[in-house]
Undergrad: 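This structure is in structure tokens; I'll ask about it shortly.
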Number of protein chains: 2
Amino acid sequence: MPTSGNLLSPKDLSVAIGVSESSLKRWTDRGFLEVSRTAGGHRRIDRNEAIRFVRSRKMQIVRPEILGLPESVAATPNIDLESLDDLDEAFLELMRHGHDLGARNHLLQRFLDGETIAALSDGPIRRSFDRIGELWHEGPEGILIEHRATEICVGLALELSKMVPVKDDGPRAIGGAIAGDGYKLPPLLTTAVLQEHGFRAVNLGPNTPIEVFELACFTDDPAQRPDLVWMSVNDLDQDDPGIGDRFTGFAKRCEAEDLTLVIGGRSVGEIDLESTPSLPVHRSMSAFADFLEAWKRRRT
Amino acid sequence: MPTSGNLLSPKDLSVAIGVSESSLKRWTDRGFLEVSRTAGGHRRIDRNEAIRFVRSRKMQIVRPEILGLPESVAATPNIDLESLDDLDEAFLELMRHGHDLGARNHLLQRFLDGETIAALSDGPIRRSFDRIGELWHEGPEGILIEHRATEICVGLALELSKMVPVKDDGPRAIGGAIAGDGYKLPPLLTTAVLQEHGFRAVNLGPNTPIEVFELACFTDDPAQRPDLVWMSVNDLDQDDPGIGDRFTGFAKRCEAEDLTLVIGGRSVGEIDLESTPSLPVHRSMSAFADFLEAWKRRRT
DNA sequence: ATAAAAATCATCCAAATCGTCCAAATCTTC
DNA sequence: GAAGATTTGGACGATTTGGATGATTTTTAT
């Protein structure tokens, strides 16, 4: 019986990836794989750490169910990284037809093969929504597809973010989508990417007024104060001309109080950034991820 | 009952750290862990000693709430485990403070203790959002709390629905929130409840026009046709007077084509149901769950 | 107060895991 | 290819783990 809870025995993991127990124990002793110990000295491996390991080494998974993964990720051969465009095309088709299980398997498979959450966000997810967004304008059929696909991706984004090991002493990040932007997926994906890079991330969701950002960032309690704020801009309320000034005010206050502010999103160009020239703006999740790594290095 | 006072039984601590009672008792006998004894010889472990032990061995904590760790209930230390109302109150406090881990532990524990997803939806989740909704009108602070709590609950709803076994031959259900209703949580919870009762559920999410419902339900492909449709109504677009007629038309078509339609939600009373008297309307998830069971019995 | 129910005791045992060693397989280098 | 270095998988006795047992203690209900 595979060990209960979130902890695996060396035997469990060795069976899951089809290697001998001996090798696995040797790997843990060499530090390739982090293990905790019972009081009696038996090794225990966290599930997420196991997933991180198989991903980093690109190991085959023979028995996915032991790791809490769907059976279907076992049989499929490793994906050919050359034909990424075709792959994204395949994901788009799954999303168009509302094939939730297929989309889940596709994304999990690619995640296990080593693609980062940031890369998956920029690749299959963003590409499919670019195309599905076009359909949206063409009537109810497009809206149906878009709604179904969004809900599927919401589940996938949360599932992915639960598969990365958590660092409970990582830097704090908070953010959301600006007022007028009702897209819920970008904030979820941003949160997942932040967790992928060791942040403790709080998501304020879509349609968050600037005043709420201010309140969340400049709280009196220093233990709650974030180290980084992010804002997603995929839509803007055209009827609210004051929003530019409010944003500038917020950005200046962040700079004054030494709080890093990052923005990104499709409509980020519609914001006037003249008065805040040093503000980091990102056009992709991968760029955001690179920024996060540089930010962490600068911090230490 | 898990615990009372400041002393844990070996069983309590063993489930808290996900280890067998046998092992834990052996560890106490070897002195890894200091215990006192009752007059009759039963072991009693001080909470602080238990925490020292798990910290010193870096053991994983499966059920933090048993140890009373800050991740769970420390923010609200005065909760009375006897009364359900006070339990819901504790959950509300966790949500108010944006304590995602604590809220998760709270809800998962209650789920594992036997409460259904429907009961949790009507209980802690609905109650806390009733209260948090009041705060929303009071300004940015309330909006901050509401946004944070919503995102936490989105994650919890999806996590719960992943914990119920999927029946891949169950009846098909599809649904979402009506146009003008932007609340994303009710559709997610409804989907979770449907899965809890063996349905294959598709979620169209918030703000779904009636035309999209029609398209999704009366598709040409019989393999995609659902056996049940549900519609969540927690808000209505007041500027769209035609919505009542469109809804009536949709309801009549469902009846004509022998497709069960169910509606529910806070604002369901604002819809004119005169012309569709036989339509099932539910005011709670528990009522909806009862209906689903009756529906399945009638079907067989 | 008393009895029934639940929790815990100490003990035992099979299965799992420990650390270590070694021969076979695989990779490197020449 | 051959020689040398490294990795792998299996075997070993010793130790640890988790579950079961019947007896005792604690809690709950009457």
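A note on names: the letters A, B, ... follow the listed sequences, proteins ahead of strands, and every chain is numbered from 1.
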Undergrad: Looking at A:R37, I'd like to know whether one of its side-chain N or O atoms comes within less than 4.0 Å of OP1 or OP2 on C:dT17.
TA: no
Undergrad: More 5' along DNA chain C: A:G40 or B:G41, using each one's nearest nucleotide?
TA: B:G41
Undergrad: Please report, rounded to the nearest Å, how far the P atom of D:dT26 is from the CG atom of B:L8.
TA: 17 Å
Undergrad: Any donor-acceptor pair under 3.5 Å joining the side chain of B:S22 to the base of D:dG19?
TA: yes
Undergrad: Using whole Å, report how far CZ of A:R43 lies from C1' of C:dA16.
TA: 13 Å
Undergrad: How long is the line joining NE2 of B:H42 and P of D:dT26, in whole Å?
TA: 6 Å
Undergrad: Indicate whether OP1 or OP2 belonging to D:dT16 is found under 4.0 Å from a side-chain N or O atom of B:R30.
TA: yes
Undergrad: Calculate the interatomic distance between A:F32 atom CZ and D:dT6 atom C1'; express it in whole Å.
TA: 12 Å
Undergrad: Atom NZ of A:K11 and atom C1' of C:dT17: how far apart are they, to the nearest Å?
TA: 10 Å
Undergrad: Under 4.0 Å between a side-chain N/O of A:T38 and OP1 or OP2 of D:dT16, yes or no?
TA: no
Undergrad: Is there a donor-acceptor pair closer than 3.5 Å between any side-chain N or O of B:D12 and the backbone N or O of B:S9?
TA: yes
Undergrad: Send over the distance from B:M59 CE to D:dT16 P, rounded to a whole Å.
TA: 14 Å
Undergrad: Strictly below 4.0 Å: does B:W27 bring a side-chain N or O up to OP1 or OP2 of D:dT17?
TA: yes
Undergrad: Does B:S9 place a side-chain N or O at less than 4.0 Å from the phosphate oxygens OP1/OP2 of C:dT8?
TA: yes
Undergrad: Is B:K25 touching bases, backbone alone, or none of the nucleic acid, heavy atoms closer than 4.0 Å?
TA: base
Undergrad: Write down the atom of B:S232, the atom of B:P187, and the distance for their closest heavy-atom approach.
TA: OG-CD, 4.5 Å
Undergrad: Does A:D227 use its side chain to pair, donor to acceptor, with the backbone of A:R172 at less than 3.5 Å?
TA: yes
Undergrad: Between A:L7 (CG) and D:dT17 (P), how many Å, whole number?
TA: 13 Å
Undergrad: Using whole Å, what does the distance between atom C1' of nucleotide D:dA11 and atom CD of A:E21 come to?
TA: 12 Å
Undergrad: Taking distance alone, no hydrogens or angles, what donor-acceptor pairs closer than 3.5 Å link side-chain atoms of residues 14-23 of chain B to residues at least two apart or in another chain?
TA:
residue : atom : partner : partner atom : Å
B:S14   : OG   : B:P10   : O            : 3.4
B:S14   : OG   : B:K11   : O            : 2.7
B:S20   : OG   : B:S23   : N            : 3.1
B:S20   : OG   : B:S23   : OG           : 3.0

Undergrad: Is there a donor on the side chain of A:R26 or the base of D:dG9 sitting less than 3.5 Å from an acceptor on the other?
TA: yes
Undergrad: Between B:D46 and B:L7, is there a donor-acceptor pair closer than 3.5 Å when you use the side chain of the first and the backbone of the second?
TA: no
